[in-house]
Amino acid sequence: MSAVAKKRVIDFTDGPIPKNILIFVWPLLVHQFLQTTYNSVGMMIVGQYSPNGSIAMGAISAASTMLTFWMSIFSGISAGTGICVALKIGARDEKEVERYIHSSAVFSFIGGAVLMIIGIATIKPFLILTEVPESMMAEATAYMVAYYLGFPAMMVLNSMSASLRASGDTYHTMIFMSVAGAVNLLATAILVFGFGLGAVAAGVGVTVTQIVAVSLILGYMMRLDGMCRFSFKKLTLFKDAVKGFLYCGVPIGLQSSVFSLANIFIQGYINIYGDVVIAGSAAANSLTNYIHSITNALAVALLTIVSQNMGAKKYGRVKRIVVVMVLAVVAIGLLMGLAICAFGKPLLGLYVSKDDGLDYDAVIYEGMVRALTYTLPYFLYGVVECFSNTLNGMKKSVVSMTLSLIGLCGVRIVWVVAANAMFPESVALIHLSSPVSCLATALMETVALVVAFKRLSGKKSRKNGALLENI
């Protein structure tokens with residue numbers, strides 16, 4: 001392995017916990033923050049300077065729920081790959097690491113191609129089903145087609161990034177994704193300013209990003225000498241490897257897709273309120289993504305850290321790390337939510353055009369409603385992600401999926417239906433469905449983790465007792 005690669009690979013099963021977490025997390029934080037900034041600036045360009053600014057921005061938001069749903073189905077494959085690779089790294093099994101990486105690459109490319117075809121074929125039915133306003137139909141359709149074309153590259157990129165993170169290397173993923181994000185922003189700007197395009201410019205920018213990023217990451221992995229080396233000659237679907245990452249990943253993918261289905265359901269209710277509410281919500285969501293970029297980075301880190309320590313059977317370290325990360329998520333998420341709400345109006349104004357036919361003040365008002373009811377308590381979703389990834393890293397993916405199905409989906413849908421029936425004029429109650437469902441899910445996950453750790457402690461005690469009897 002090269003000198004640079006050696007410095008970036010982190011063994012979480014040994015050494016000081018805070019130092020290793022900091023080394024691992026800071027590139028993730030920078031990467032997530034830069035990606036969010038690139039996307040946010042791209043949205044500003046589309047919202048402010050495309051011919052139908054706020055309409056195009058709202059169309060992107062309305063379309064994104066379906067795109068996220070399809071992506072979430074295969075997000076479990078990359079997460080499952082990361083778990084399996086981290087477990088085998090913790091167990092020092094180099095051969096199995098190689099099999100998981102190459103099998104996941106093949107599976108992800110095929111799956112991405114299938115989803116691309118299905119996605120493009122279902123664009124119109126989805127937009128009609130979710131009652132997207134006619135004024136946004138053309139923009140949303142163009143955006144979705146451009147976005148879907150990047151799915152094969154995106155799926156491979158996610159699996160390879162998860163493999164690198166499993167080894168403790170977040171630095172190179174940060175570099176590659178930052179470069180690709182800059183290309184995304186450049187492509188979007190050229191298409192908006194040079195060709196007068198709207199939402200489709202953002203879609204093309206995302207697809208270009210995936211192609212650039214996956215090329216960079218595969219090129220780097222081909223030069224590695226350690227466990228995560230990639231070679232096109234070794235691309236094979238190993239049966240045991242596929243079963244392994246599907247066992248860990250399918251529940252995670254189902255969990256994510258269930259949450260996305262709930263988002264589609266809620267977006268349908270938001271769409272009923274018209275293009276002003278959709279545009280305001282889209283602007284507020286772009287600001288909320290900054291909170292998500294930080295809390296998600298910490299949650300992603302937990303998946304690798306927990307998996308490595310579970311593979312090495314160091315359960316005590318897992319518990320300590322989870323407590324530290326969840327406290328960090330709550331503190332950072334709450335502070336950022338307060339800051340966004342405090343400066344909400346001028347921040348929202350960066351996204352909204354005054355010359356595109358929509359009532360500017362009304363769009364800003366709806367954005368503030370979304371910020372206060374959804375963005376401010378968004379740290380709760382970060383807590384849910386941390387607990388979910390802890391359970392996933394402990395190979396309790398089915399438990400995590402079940403609790404998310406009940407909480408993030410079931411509670412949320414029941415809340416929205418009841419709120420809409422009793423207060424049909426209040427979009428604020430629709431937005432509140434997210435923090436309410438997150439709180440319910442986090443409480444259930446806390447109980448599940450307490451039970452899981454008690455069982456691990458009992459298992460360790462029985463093992464120690466057996467050793468004493470043999471002395």
Side-chain angles (χ1 to χ4, degrees), residues 39 42-70 116 118-149 188 191-192 195-207 260-286 348 351-367 369-370 374 416-417 419-420 424-431 433:
N39 293 336
M43 285 282 281
M44 290 178 193
I45 292 173
V46 171
Q48 289 278 12
Y49 302 106
S50 66
N52 300 305
S54 295
I55 294 292
M57 185 177 63
I60 292 172
S61 179
S64 293
T65 52
M66 190 62 179
L67 294 168
T68 303
F69 168 71
W70 288 123
M116 177 185 70
I118 295 174
I120 292 175
T122 56
I123 290 175
K124 188 173 182 179
F126 161 73
L127 295 177
I128 294 173
L129 180 65
T130 55
E131 300 190 51
V132 173
E134 188 63 34
S135 61
M136 296 181 175
M137 275 286 189
E139 292 280 2
T141 300
Y143 173 73
M144 292 179 79
V145 170
Y147 203 112
Y148 277 130
L149 291 175
T188 302
L191 292 174
V192 170
F195 296 90
L197 299 179
V200 68
V204 171
V206 171
T207 293
S260 297
L261 277 175
N263 282 340
I264 292 173
F265 180 82
I266 276 80
Q267 186 66 45
Y269 273 86
I270 292 174
N271 292 346
I272 294 172
Y273 289 87
D275 45 18
V276 169
V277 173
I278 296 172
S281 296
N285 283 345
S286 189
L348 291 167
Y351 297 88
V352 183
S353 172
K354 295 183 178 180
D355 305 313
D356 57 8
L358 295 184
D359 186 331
Y360 176 84
D361 292 330
V363 172
I364 296 297
Y365 173 80
E366 294 299 340
V369 171
R370 176 78 169 181
Y374 179 82
V416 168
V417 172
N420 187 68
E425 301 299 321
S426 177
V427 70
L429 287 176
I430 305 297
H431 298 324
S433 65

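Positions are given from 1 along the sequence. If you're wondering where the values come from, they're calculated on a predicted model, not measured in any experiment.
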Within a 6.0 Å radius of atom OH on Tyr49, are there more than 12 heavy atoms belonging to other residues, nucleotides or ligands? no

Below 4.5 Å, heavy atoms only, C-beta onward: do Val192 and Leu197 meet side chain to side chain? no

One should read off an interatomic distance between Ile264 CD1 and Leu67 CG, to the nearest 0.5 angstrom, of 9.5 Å

Rounded to the nearest 0.5 angstrom, the CD-CD1 distance for Glu134 and Ile128 is 9.0 Å

Value for CD (Glu425) from OH (Tyr273), rounded to nearest 0.5 Å, stands at 6.5 Å

| request: Give the C-alpha distance, both sets of side-chain angles, the deciding distance and a yes or no for side-chain contact (heavy atoms from CB on, under 4.5 Å) between Tyr374 and Asn285. | output: CA-CA 9 Å; Tyr374 179 82; Asn285 283 345; 3.9 Å; yes

Here the pair of heavy atoms bringing Leu429 nearest to Ala419 is CB-CB, 3.8 Å

Can any side-chain N or O of Glu131 pair as donor or acceptor with the backbone N or O of Asn271 at less than 3.5 Å? no

Check your understanding: Can you check side-chain contact (heavy atoms from CB on, under 4.5 Å) on Val417 and Tyr269, steps first, answer last?
Key -> CA-CA 9 Å; Val417 172; Tyr269 273 86; 4.0 Å; yes

Correct closest heavy-atom pair for Ile55 and Ser135 would be CG2-O, 3.3 Å

Minimal heavy-atom distance between Gly58 and Ala282, with the atoms involved, is CA-CB, 4.4 Å

Taking it one step at a time, do Ser286 and Met44 satisfy side-chain contact (heavy atoms from CB on, under 4.5 Å)?
CA-CA 9 Å; Ser286 189; Met44 290 178 193; over 6 Å; no

* Asked: Got more than 12 heavy atoms from elsewhere within 6.0 Å of OH, Tyr360?
  -> yes

Heavy-atom closest pair (Arg370 atom, Ala284 atom, distance to 0.1 Å) is CG-CB, 3.4 Å

Between Thr188 and Gly42 the two heavy atoms that sit nearest each other are CG2-O, 4.3 Å

Separation between CD1 (Ile118) and CD1 (Ile123), nearest 0.5 Å, reads 13.0 Å

Practice problem: For Thr207 and Val204, indicate whether the former's side chain and the latter's backbone hold a donor-acceptor pair under 3.5 Å. | Solution: no

Residues at least two apart in sequence or cross-chain that pass side-chain contact (heavy atoms from CB on, under 4.5 Å) with Ala63, listed by chain then number, are Ala140, Tyr143, Met144

Taken to the nearest 0.5 Å, the spacing of Gln267 CD from Ile430 CD1 works out to 11.5 Å

All heavy atoms of Tyr351 vs all of Ala283, minimum pair found to be CB-CB, 4.0 Å

When Val200, Ile120, Ile60, Val206 are each screened for side chain to side chain contact (heavy atoms under 4.5 Å, CB included) with Tyr147, the one that passes is Val206

Output for pair (Glu366 CD, Leu348 CG), nearest 0.5 Å, gives 11.0 Å

